[in-house]
Amino acid sequence: MRSIKDVEFKDKRVLMRVDFNVPMDENGGITDDTRIVAALPTIKYIMEQGARLILMSHLGRPNGKADPKYSLKGVAAHLERLLNKKVLMAPDCIGDKVKDMIDQLASGEVLMLENVRYYPGEEKNDPEFSRQLAQLGDIFVNDAFGTAHRAHSSTAGIADYLPAYAGFLLENEVNMLRKVLEHPECPRLAILGGSKVKDKLGLIRNLLNKLDILLVAGGIGSTFLAARGIKVGQSLCEAELLPECKNLLDIAEKKNKHIYMPVDVVVASEISPDASYKIVDVDEIPDDMMIVDIGPKTIQFYGIVIARAHTVIWNGPVGVYEFEQFAVGTEAIAHAIAASQAVSVIGGGDSAAAIQRLSLDKDITHISTGGGATLEFLEGMELPGVKSCEN
Ligand code: ADP
Ligand code: MG
């Protein structure tokens with residue numbers, strides 16, 4: 001990837017794509033500024049190099065028209081506090097008024113453009129919209145890893161008109177994910193849980209090429225158990241996915257890879273904080289109950305496998321971790337990964353939240369900010385926002 005370290009930024013107009021699509025409350029207050037904080041190193045670096053920095057982002061889904069509900073004004077104000085430096089706010093993201101503001105922008109100053117999704121051309125990757133954006137700058141920097149799986153004007157199309165470079169966040173995400181996927185030493189391991197089973201089967205297929213062992217749990221675990229002919233009662237399990245799971249089990253066997261499933265589980269009558277529950281072996285799951293967590297034997301076995309691994313990828317909690325009594329497995333997995341010497345990467349909002357809740361962040365090699373982008377990268381797909389910065 002082309003690095004911003006190799007660019008002469010002095011006095012240049014630098015158009016930088018960031019992912020400031022932050023969660024907000026009903027009053028427009030930012031409830032989590034992680035994504036803004038994550039872009040600060042690149043923002044500060046480019047400003048210190050004496051560039052005229054122009055930031056662009058999307059926020060929410062304004063459906064291709066200007067809508068004050070999705071304005072980036074509040075985000076610009078928040079960034080101003082974080083930087084302790086004036087952040088100018090543009091009334092639009094293209095056009096003459098914006099160009100005038102940029103003409104006035106001095107070296108070392110920063111301007112935030114209005115939401116790029118105010119125009120339908122953005123999500124269509126319309127060449128004309130890409131060109132209009134590109135007119136505002138001399139250099140394009142992409143630091144929006146969370147949006148890198150989308151081929152939009154501000155993430156990909158614009159690179160047809162401007163020299164494009166990867167910001168530190170994008171570069172670091174890609175390097176860490178590559179490191180864990182291409183690590184030479186065995187065993188390489190992934191733990192896959194969570195509820196979005198259908199979305200993650202492609203991921204499992206690719207990981208079987210790259211890794212040695214997969215530990216499955218959560219909804220994915222239930223579906224694999226069912227594919228093995230185990231009765232899973234009322235568990236989250238998608239019947240139409242069973243043939244694909246069987247196929248993946250065959251592939252694993254042929255490649256001499258391992259897909260391990262839970263041997264015991266916590267079952268409950270329903271998913272609620274005060275549901276009655278018990279621990280059973282997987283061949284004893286009652287018809288009227290559902291899997292909500294992994295059991296103690298599985299925790300112990302998975303823990304041993306994790307301790308021996310050289311690399312670990314974790315995506316998806318292994319139980320309904322939102323409720324304390326069903327969070328035991330997820331917490332044990334989090335502690336096992338934190339304690340291991342392996343290069344560890346966490347992908348997925350819920351798995352990252354579980355790690356943060358236990359304050360184990362510092363014991364993890366990399367917590368990906370990507371969501372969908374991380375999953376697509378691990379699935380082996382080419383990300384348009386990464387490709388645009390590659391040689
Ligand atoms: P991530 O955000 O890490 O990618 P997902 O969004 O796929 O993970 O899944 C997270 C959700 O999966 C959580 O809300 C959790 O309660 C749920 N979950 C985990 N195990 C089970 C299970 N056995 N049955 C139902 N839901 C589960
Ligand atoms: Mg999730």
Side-chain angles (χ1 to χ4, degrees), residues 21 23 32 34-35 145-146 149 177 190-204 206-207 214-227 230-239 241 245 261-273 275 277-280 282 285-286 288-295 298-299 302 312-334 337 344-358 360-361 364 366-379:
N21 182 34
D32 181 357
T34 309
R35 287 176 173 169
F145 182 70
H149 57 316
L177 294 173
I191 304 142
L192 299 164
S195 53
K196 289 175 283 184
V197 184
K198 199 173 173 186
D199 292 355
K200 294 182 185 177
L201 290 181
L203 170 75
I204 295 177
N206 188 46
L207 292 181
L214 304 184
L215 306 178
V216 294
I220 292 180
S222 308
T223 310
F224 270 98
L225 284 169
I230 286 166
K231 293 205 177 74
V232 295
Q234 304 301 309
S235 303
L236 177 66
C237 165
E238 295 179 43
L241 302 179
C245 288
M261 300 171 210
V263 291
D264 61 342
V265 288
V266 180
V267 289
S269 49
E270 56 178 19
I271 295 183
S272 82
Y277 62 93
K278 61 181 179 179
I279 294 162
V280 296
V282 290
I285 299 169
D288 59 346
M289 295 182 93
M290 59 185 78
I291 300 173
V292 288
D293 198 1
I294 54 175
T298 307
I299 289 176
Y302 282 13
V312 175
I313 296 170
W314 182 26
N315 172 269
V318 299
V320 184
Y321 78 110
E322 291 90 339
F323 301 135
E324 212 184 315
Q325 68 274 36
F326 308 141
V328 179
T330 300
E331 289 180 2
I333 295 295
I337 297 171
S344 52
V345 169
I346 313 292
D350 288 284
S351 340
I355 288 282
Q356 271 143 8
R357 203 166 78 180
L358 297 167
L360 294 172
D361 323 33
I364 304 296
H366 180 64
I367 300 179
S368 181
T369 57
T374 309
L375 291 184
E376 287 194 17
F377 192 97
L378 295 176
E379 237 179 285

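Order of listing sets the numbers, starting from 1, for every ligand and every atom in it.
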What is the nearest protein non-hydrogen atom to [atom], stated with its residue, atom name and distance?
atom: atom 24 (N) of ligand 1; value: Ile291 O, 3.7 Å
atom: atom 12 (O) of ligand 1; value: Ser195 N, 3.3 Å
atom: atom 3 (O) of ligand 1; value: Ser351 OG, 2.6 Å
atom: atom 27 (C) of ligand 1; value: Val320 CG2, 3.8 Å

**Report entry** From Ala268, Gly371, Gly319 - option closest to atom 18 (N) of ligand 1 by heavy atom
**Finding:**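 Answer by nearest heavy atom: Gly319.
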Query - Of the listed options Gln234, Glu322, Lys200, Met290, closest to atom 4 (O) of ligand 1 (non-hydrogen atoms) - result: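 Answer by nearest heavy atom: Lys200.
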Report task. Using non-hydrogen atoms of the residue, decide whether Ser222 is closer than 4.0 angstrom to ligand 1. Result ->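 So Ser222 does not count as touching ligand 1.
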Requested in this report: Would you mind telling me if ligand 1 is within reach of the side chain of Leu236, the backbone, both or neither, using heavy atoms under 4.0 Å?
Outcome: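 It is the side chain that gets close, since no backbone atom is under 4.0 Å.
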Query - Qualifying residue, where the test is side chain to side chain contact (heavy atoms under 4.5 Å, CB included) with Ile313 and the options are Leu207, Leu214, Leu192, Ile191 - result: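 Testing Ile313 for a side chain to side chain contact (heavy atoms under 4.5 Å, CB included) against Leu207, Leu214, Leu192, Ile191 leaves exactly one candidate, Leu207.
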Requested in this report: Salt-bridge test for Glu331 and Arg357: reply yes if a basic N is under 4.0 Å from a carboxylate O, no otherwise.
Outcome: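 Yes, this pair counts.
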Given 3.5 Å as the limit, does a donor-acceptor pair link the side chain of [X] with the main chain of [Y], or not?
X: Ser368; Y: Gly370; value: yes
X: Thr330; Y: Val318; value: yes
X: Thr298; Y: Val263; value: yes

Query raised in the report: When you measure from the Mg ion (ligand 2) to each N, O or S atom of Asp350, which atom gives the shortest distance?
Result: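 So the atom name we want here is OD2.
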Which of the numbered atoms in ligand 1 are below 4.0 angstrom from a heavy atom of [X]?
X: Gly218; answer: 20 (N), 21 (C), 23 (N)
X: Gly316; answer: 3 (O), 8 (O)
X: Asp350; answer: 1 (P), 2 (O), 3 (O), 5 (P), 6 (O), 8 (O), 10 (C)

Query - Side chains of Met290 and Leu236 in contact at under 4.5 Å (non-hydrogen atoms) - result: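 SC-SC contact between Met290 and Leu236 ruled out.
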Query - Flag side-chain contact, heavy atom, 4.5 Å: Met289 against Gln234 - result: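 They are not in contact (no side-chain heavy atoms under 4.5 Å apart), so the answer is no.
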Query raised in the report: Looking only at heavy atoms, which two atoms of Pro286 and Val267 are closest? And how far apart?
Result: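 Minimum heavy-atom contact is CD-CG2, 4.2 Å.
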